[in-house]
Amino acid sequence: MPDDDARTYAWSGASNEPHGDESYEDGMLGRILDDATRVLGSEEEARRWLHTQIVSLGGRRPIEHLTSLEGYERVKNTLAKIEHGMY
């Protein structure tokens, strides 16, 4: 796993917006990492999943989609489907 992707990201739970020097993409990653950890059961599994090619994401890794709001929503929807047993 590249060091850039292994960073820990903070997220302001009160405002749903990144805070401080955090970029918008870092905020999306932090939010998805939190959701994936909850859905998959551990941060280790969540990080592994973020770097795994997913068929429903066009064979791309979830982390590759976190450069746009559309990509973020696609990854979030994929996690919701996993959470509800649709995969």
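All values below come from the heavy atoms of this structure, side chains included, with hydrogens, waters and symmetry mates left out.
- Once rounded to the nearest 0.5 Å, the distance linking NZ of Lys76 with CE of Met28 reads 12.5 Å.
- How far CD1 of Ile63 is from CG of Leu57: 12.5 Å, rounded to the nearest 0.5 Å.
- The two residues Ala46 and Leu33 have their closest heavy-atom pair at CB-CD1, 3.8 Å.
- Listed by chain and number, the residues in a salt bridge (charged side-chain N to carboxylate O under 4.0 Å, His left out) with Glu44 are Arg48 (sequence neighbours excluded).
- Under the 4.5 Å side-chain criterion, counting only non-hydrogen atoms from C-beta, Trp49 is not in contact with Val39.
- Between Thr67 and Glu25 there is a side-chain heavy-atom pair separated by less than 4.5 Å.
- Counting only heavy atoms from C-beta outward, the side chains of Leu29 and Leu50 approach each other to under 4.5 Å.
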#### Entry: Working for salt bridge (Lys or Arg N to Asp or Glu O under 4.0 Å), residues Glu70 and Arg74
CA-CA 6 Å; Glu70 180 182 339; Arg74 191 168 180 194; over 6 Å; no
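- Shown here are the side-chain hydrogen bond (donor to acceptor under 3.5 Å, both in side chains) partners of Ser56, two or more places apart in sequence or in another chain: Tyr87.
- Residue Leu69 is grouped with residue Ile32 when hydrophobic side chains (ILVMFWY) are merged at heavy-atom distances under 4.5 angstrom, including chains of intermediate members.
- Taking CG of Leu40 as the reference point, atom CG of Leu79 lies at 6.5 Å (rounded to 0.5 Å).
- Taken from CZ in Arg60 to CD1 in Ile54, the straight-line distance is 12.5 Å, to the nearest 0.5 Å.
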